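What you see is a predicted model, and the numbers here were worked out from it, not measured in a lab.
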Number of protein chains: 2
Amino acid sequence: MVLEYLLVALCRTPSSGYDLGAVFKAALRLFWSAELSQVYPTLKRLERRRWLKARTVPSDRGPARRVYESTERGREALSAWLAQGPAFREERYAVAAQVFVLDAAGGPEASAAFIARLRDSLTDRAAALAAVDDQIKVADLTDAEFHQYLSLRLGRRVVEARLAWCREALEALAARPSKAKPKRPTGRR
Amino acid sequence: MVLEYLLVALCRTPSSGYDLGAVFKAALRLFWSAELSQVYPTLKRLERRRWLKARTVPSDRGPARRVYESTERGREALSAWLAQGPAFREERYAVAAQVFVLDAAGGPEASAAFIARLRDSLTDRAAALAAVDDQIKVADLTDAEFHQYLSLRLGRRVVEARLAWCREALEALAARPSKAKPKRPTGRR
DNA sequence: GTAAACATGTAACCGGTTACATGATTAC
DNA sequence: GTAATCATGTAACCGGTTACATGTTTAC
């Protein structure tokens with residue numbers, strides 16, 4: 001289960017459930033997210049499995065924190081998972097599914113409007129990712145940070161590929177002879 | 001719900017649950033998939049909602065087929081959904097999540113091995129997509145086929161972006177000064 | 001005072017997968 | 001005979017989301 005391994009990995013630096021929730025809302029949300037209501041029970045499960053150990057630490061602001069840290073057992077499980085290689089699993093990209101049936105939108109203008117909206121959103125996302133990326137000095141990164149940086153680069157490349165597709169698709173739509181469905185077999189010259 | 005709209009769209013050409021299952025296992029599986037055990041109950045639900053209508057047709061090989069076809073109501077719901085624009089939803093790409101924590105794999109060689117395996121799989125996928133793509137004559141396509149073709153192009157671009165990332169990441173890993181953790185503070189000259 | 005951030009949880013629901021059950025037809 | 005393909009479903013489970021419940025501290 002992906003979330004379990006992710007939590008073990010993140011808990012190599014001691015973290016509370018709340019901390020981890022913030023990580024999923026920030027850096028990781030590009031490819032994996034988790035709600036706090038899922039994180040808390042999962043942490044307990046991992047503690048029972050002894051992949052994590054926990055202690056309670058008073059907080060200076062707010063209630064006491066339950067801080068988790070990965071165990072040797074947990075880290076072994078994690079590295080065994082990674083050693084199995086890339087975890088391919090069925091992907092779901094709703095937008096592409098929409099494109100697949102986009103002819104039902106009503107015509108070339110509707111298709112173009114849809115894709116133009118997609119392009120605009122992706123442009124914003126690409127700019128945001130670029131801004132983060134450009135501020136990173138690769139040479140300064142720790143091993144952990146360097147791998148996080150690699151995943152950011154992957155996210156950025158995918159967003160830019162989708163953006164490039166939008167432009168291509170808009171061109172292809174424009175170039176497509178408009179089915180101005182002539183009532184008669186052919187428009188008489 | 002994505003699956004519901006997809007089924008309505010696909011049933012613009014009359015199809016049985018079995019037929020639809022085949023579509024999800026073939027063309028659509030690049031971004032959305034569904035098991036027959038999910039398709040059948042969903043079709044019944046859509047029939048009750050009158051987005052689909054059904055009739056039973058004897059099959060020449062095997063049991064009788066239940067053939068579904070979208071209704072006007074269903075198609076209206078579909079086009080309203082598409083008119084709302086791109087359906088952004090949390091994405092999950094397990095491989096990228098693995099990269100995010102790949103420093104736990106054991107070192108630069110382990111990371112490189114992981115990424116090399118990914119590159120090899122993606123190379124195969126890219127070749128398969130390219131082979132399909134290259135055989136398509138865009139001018140010959142109907143509107144529906146053209147949009148399916150666009151989604152194929154999107155899938156291809158994403159796969160190729162990931163592939164390009166693999167090469168970049170392997171280079172970045174190789175270029176990274178190996179933390180050959182010297183026992184002494186610095187190798188004495 | 002009150003809103004925001006800190007902090008931890010439970011309960012109900014839902015979309016989706018895996019496993020199971022049934023049976024006809026065709027090709028070997 | 002038997003395996004593969006055609007064909008339709010049900011049941012149990014599971015990962016994940018939404019909504020709910022509770023309480024503290026800080027900044028305005």
Side-chain angles (χ1 to χ4, degrees), chain A residues 1-8 10-11 14-26 28-29 31-49 52 54-68 81 87-94 97, chain B residues 1-8 10-11 14-26 28-29 31-49 52 54-68 81 87-94 97:
Chain A
M1 209 187 117
V2 179
L3 178 63
E4 292 177 345
Y5 293 109
L6 248 27
L7 290 177
V8 168
L10 296 173
C11 285
S15 319
S16 70
Y18 193 83
D19 294 338
L20 297 163
V23 175
F24 284 102
K25 278 201 178 58
L28 242 170
R29 85 172 171 304
F31 356 87
W32 208 268
S33 65
E35 298 299 318
L36 282 175
S37 63
Q38 192 188 5
V39 169
Y40 285 121
T42 307
L43 288 172
K44 291 205 162 171
R45 189 164 70 236
L46 292 173
E47 191 187 358
R48 281 199 299 275
R49 200 185 294 170
L52 297 179
R55 69 205 131 96
T56 299
V57 175
S59 168
D60 41 344
R61 46 210 245 142
R65 296 154 49 82
R66 189 135 181 95
V67 174
Y68 291 88
W81 179 58
F88 300 109
R89 45 166 60 203
E90 54 327 318
E91 274 183 69
R92 289 173 190 280
Y93 182 42
Chain B
M1 209 187 118
V2 179
L3 178 63
E4 292 177 346
Y5 294 109
L6 249 25
L7 290 177
V8 169
L10 295 173
C11 286
S15 319
S16 69
Y18 194 84
D19 293 338
L20 297 162
V23 175
F24 284 102
K25 279 202 177 55
L28 242 171
R29 86 173 171 303
F31 356 85
W32 207 269
S33 65
E35 299 298 319
L36 283 176
S37 63
Q38 193 188 6
V39 169
Y40 285 121
T42 306
L43 288 172
K44 292 206 162 172
R45 189 165 70 235
L46 293 173
E47 191 188 358
R48 282 198 300 274
R49 200 186 294 170
L52 297 179
R55 69 206 130 96
T56 300
V57 176
S59 169
D60 40 343
R61 46 208 244 144
R65 296 155 50 81
R66 189 135 180 95
V67 173
Y68 292 87
W81 179 59
F88 300 109
R89 45 166 60 203
E90 54 323 321
E91 275 183 68
R92 289 173 190 279
Y93 182 41

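With a 4.5 Å cut-off on side-chain heavy atoms, B:Y68 and B:L20 do not count as touching. The shortest distance between side-chain heavy atoms of A:R92 and B:V2 does not fall below 4.5 Å.
Remark: P of C:dA5 and CG of A:D19 are 16 Å apart, rounded to the nearest angstrom. Following rounding to the nearest Å, A:R45 (CZ) and D:dG15 (P) show an atom-to-atom distance of 6 Å. One can place CG of A:L3 at 9 Å from C1' of D:dG16, the figure rounded to the nearest angstrom. The nearest whole Å value for the distance from the CD atom in A:Q38 to the P atom in D:dC20 is 20 Å. Computed from coordinates, the A:R89 CZ to C:dG15 P distance equals 19 Å when rounded to whole Å. Rounding to whole angstrom units, CD of residue B:E90 and P of D:dG16 are separated by 11 Å. Rounded to whole Å, atom P of C:dA7 lies 12 Å from atom CG of A:L20. Following rounding to the nearest Å, B:Y40 (OH) and C:dT22 (P) show an atom-to-atom distance of 17 Å.
Note on A:R92: only backbone sugar-phosphate atoms sit closer than 4.0 angstrom, heavy atoms only; bases stay farther off. Nucleic acid contact for B:S16: sugar-phosphate only, since backbone atoms but no base atoms lie under 4.0 Å from a heavy atom of the residue.
Taking each heavy atom of B:L3 and B:A34 in turn, the nearest pair found is CD1-CB, 3.8 Å. When all heavy atoms are compared, the tightest approach of A:A94 to B:A87 is CB-O, 3.7 Å. The two residues B:Y40 and B:Y18 come nearest to each other via the heavy atoms OH-N, 3.6 Å. Scanning both residues, B:F24 and B:W32, for their nearest heavy atoms gives CD2-O, 3.7 Å. For the pair B:V67 and B:P14, the tightest heavy-atom approach, listed with the atom from each and the gap, is CG1-CB, 3.6 Å.
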* Structure fact -> Heavy-atom contacts, protein to nucleotides 22-28 of chain D, under 4.0 Å, summarised as B (base), S (sugar-phosphate only) or - (none) per nt, yield -BBSS--

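One finds a side-chain N or O of B:K44 lying less than 4.0 angstrom from the OP1 or OP2 phosphate oxygen of D:dG9. Between A:R65 and C:dA7 there is a side-chain N or O to OP1 or OP2 distance below 4.0 Å.
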* Would you sort out whether B:V23 and B:L6 count as a side chain to side chain contact (heavy atoms under 4.5 Å, CB included), showing the intermediate values? => CA-CA 11 Å; B:V23 175; B:L6 249 25; over 6 Å; no

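Nearest nucleotide to the side chain of A:L36, out of C:dT17, C:dT8, D:dT5: C:dT8. Closest contact between the side chain of B:R66 and the listed nucleotides C:dT18, D:dA7, D:dG9 involves D:dG9. The side chain of B:E35 lies closest to C:dT18, out of C:dT18, D:dG9, D:dT18.
Counted within 6.0 Å of CZ on A:R29, heavy atoms from surrounding residues, nucleotides or ligands total 12 or fewer; the atom is thus considered open.
Counting only residues at least two apart or on different chains, the salt bridge (Lys or Arg N to Asp or Glu O under 4.0 Å) pairs with a member in residues 14-24 of chain B are B:D19-B:R65.
Taking the C1' atoms of five terminal pairs at each end of the helix from C:dG1-D:dC28 to C:dC28-D:dG1, the two resulting helix axes are inclined by 20°, rounded to 10°.
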